[in-house]
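First comes the structure, then the notes that go with it.
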Amino acid sequence: MKLAVTLAASAVAAFAFAIASPAVATAQPSNCHSSYTPCLPIVSDVDCEGGSGNGPVYTGPVRVIGPDDYGLDRDGDGYGCE
């Protein structure tokens, strides 16, 4: 019984963490925007982590290899969120 309670508590804690964590760009390869490496999802907007954007998805550094639809490469050097 004690093991079942412990497992249930762990599952609840993991679920609560998943809900409270912000969305981070982790799409499957088939849903990747072709302009960014690593993969960024095809969504309404992606912003840089720690920046002033309002998401809904955030990313760290990326290479911009096509049109910068999300506006991540402000200085035009081919790297976003640097």
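Other residues, nucleotides and ligands place more than 12 heavy atoms under 6.0 Å from the CZ atom of R63.
Heavy-atom minimum distance, P67 versus S35: O-OG, 2.9 Å. Considering every non-hydrogen atom in both C81 and G60, the closest pair reads CB-O, 3.4 Å. Scanning both residues, Y36 and I65, for their nearest heavy atoms gives N-CG1, 4.0 Å.
Not a single donor-acceptor pair under 3.5 Å links the side chain of Y70 to the backbone N or O of C48. Side-chain atoms of D73 do not come within 3.5 Å of backbone N or O of V64 as any donor-acceptor pair. In this structure a side-chain-to-backbone donor-acceptor pair under 3.5 Å is present from D47 to G55.
Just one residue in the list L72, N31, V57 forms a side-chain contact (heavy atoms from CB on, under 4.5 Å) with L40, and that residue is L72.
Once rounded to the nearest 0.5 Å, the distance linking CD1 of I42 with OG of S34 reads 7.0 Å.
H33 is not listed as a side-chain neighbour of V46, based on a closest heavy-atom distance of 4.5 Å or more.
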